[in-house]
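In what follows, a single structure is set out as structure tokens and then discussed.
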Amino acid sequence: MTTTTINLPLYLKPSPNSQFLRPNSPPISLRRLCRSSLSVRCQALGEPPDSAAVYQGVYGPWKVDSADVQEVVLYRSGLVTAASSFVIASSTAFLYNSDSEVIDLIRRNLDLFYGVGACGLGVSLFLIHIYVTEIKRTLQGLWLIGGLGSLAAYAALAQPAGKGLVEYVVLNPAAVWLVGPLFAALTGLVFKEGLCYGKLEAGILTFIIPSVLLGHLSGLMDEGTKLSLLGVWMALFVVFAGRKFTQPIKDDIGDKSVFIFKALPEKEKAALIEKLEQQNYPQNRN
């Protein structure tokens, strides 16, 4: 048996067993692409992956390297930052009668927590691995629009009224139009996680987040219902962010061969597909 050395960052070497896209081939399942083998139990807390492990992708074999680990750790850390900031700031809604100095300090810095959480979400959206580039760009665009809308609402509406951004949005539901795209981006991210990994908390958050915002915007949801849903949002967001660190590193990378293939020039893509077809033709004949 001949052993082949693979250096994926420089060259994607096709494999005789590789699957590939052809005009007559059935479409590749997004869920299949998202799902990763659970055989590698490499945690995102800095534990290095098995450098000898080679995974079979759609366009050929690939490996996890140190750069991949760092990227996944940053992606998950961004989610933890967003979740922590949101939960800390939202806790004041349930402790409004508290005279605690800590709660008072949080109340005076709600906009700071909002900004930190938004930045954490931005980092995760920048690093997220999504096979369809247009979807990734859409989520990033929503985050940018929401960020700019937040700045505009703060400067043009909240400050002249002598209030912070968060307080102003709570008191003026129409301001959700300006900050809402930021939360739409978050909804898209948790939807992707729920679709790829079948996470219950992510699936529920996909409905909870827009429900709270639309309920506040429309005025059709009473305060008790909003607080109940907000509490569920807080709890599930913590579970969602925390569970990311129980997944293998490979999960958040996905099929690396797809991203390598998409980065190739068109001529190299065509040559690779042709080579894969030639290698698979004898097997299809058999």
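Just so it is clear, the model here is predicted, and its values are computed rather than measured.
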Check against side chain to side chain contact (heavy atoms under 4.5 Å, CB included), Ile273 and Phe261: CA-CA 10 Å; Ile273 291 177; Phe261 175 81; 3.6 Å; yes

May I ask you to test the [X]-[Y] pair for a side-chain heavy-atom distance under 4.5 Å?
{"X": "Asp251", "Y": "Pro248", "result": "yes"}
{"X": "Tyr197", "Y": "Lys192", "result": "yes"}
{"X": "Arg243", "Y": "Glu193", "result": "no"}
{"X": "Lys256", "Y": "Asp65", "result": "yes"}
{"X": "Asp99", "Y": "Asp104", "result": "no"}
{"X": "Val64", "Y": "Tyr55", "result": "yes"}
{"X": "Ile128", "Y": "Lys136", "result": "yes"}
{"X": "Ser150", "Y": "Leu165", "result": "yes"}

Where do [X] and [Y] come nearest, in terms of heavy atoms and distance?
{"X": "Ala89", "Y": "Phe113", "result": "CB-CB, 4.0 Å"}
{"X": "Gln140", "Y": "Leu125", "result": "NE2-O, 3.0 Å"}
{"X": "Ala174", "Y": "Leu217", "result": "CA-CD1, 4.0 Å"}
{"X": "Gly60", "Y": "Ser257", "result": "O-CB, 3.5 Å"}
{"X": "Thr187", "Y": "Pro210", "result": "OG1-CD, 3.9 Å"}
{"X": "Val170", "Y": "His216", "result": "O-CE1, 3.1 Å"}

Interatomic distance, [X] atom [atom1] to [Y] atom [atom2] [nearest 0.5 angstrom]:
{"X": "Ser91", "Y": "Ile106", "atom1": "OG", "atom2": "CD1", "result": "4.5 Å"}
{"X": "Leu205", "Y": "Leu200", "atom1": "CG", "atom2": "CG", "result": "9.5 Å"}
{"X": "Ile88", "Y": "Asn109", "atom1": "CD1", "atom2": "CG", "result": "11.0 Å"}
{"X": "Asp68", "Y": "Trp62", "atom1": "CG", "atom2": "CH2", "result": "7.5 Å"}
{"X": "Thr92", "Y": "Leu110", "atom1": "OG1", "atom2": "CG", "result": "5.0 Å"}
{"X": "Trp177", "Y": "Asn172", "atom1": "CH2", "atom2": "CG", "result": "15.5 Å"}

Contacts of Glu274 that satisfy salt bridge (Lys or Arg N to Asp or Glu O under 4.0 Å) - sequence neighbours left out: none

Evaluation steps, side chain to side chain contact (heavy atoms under 4.5 Å, CB included), between Tyr59 and Ile260: CA-CA 9 Å; Tyr59 296 103; Ile260 296 175; over 6 Å; no

Whether His129 and Phe259 hold their rings parallel, tilted or perpendicular, with breakpoints at 30° and 60°: tilted

Could you state whether [X] and [Y] fall into the same hydrophobic cluster, counting links through intermediate Ile, Leu, Val, Met, Phe, Trp or Tyr residues with side-chain heavy atoms under 4.5 angstrom apart?
{"X": "Leu95", "Y": "Met234", "value": "yes"}
{"X": "Tyr114", "Y": "Leu186", "value": "yes"}
{"X": "Leu227", "Y": "Phe183", "value": "yes"}
{"X": "Leu213", "Y": "Leu148", "value": "yes"}
{"X": "Phe237", "Y": "Phe207", "value": "no"}

SB check Glu134 Arg137 (cutoff 4.0 Å): no

side-chain contact (heavy atoms from CB on, under 4.5 Å) partner of Phe240, the single match among Leu189, Ile204, Val80: Leu189

Gln247 and Val72: CA distance, side-chain angles, deciding distance, side chain to side chain contact (heavy atoms under 4.5 Å, CB included) verdict: CA-CA 11 Å; Gln247 290 182 252; Val72 170; over 6 Å; no

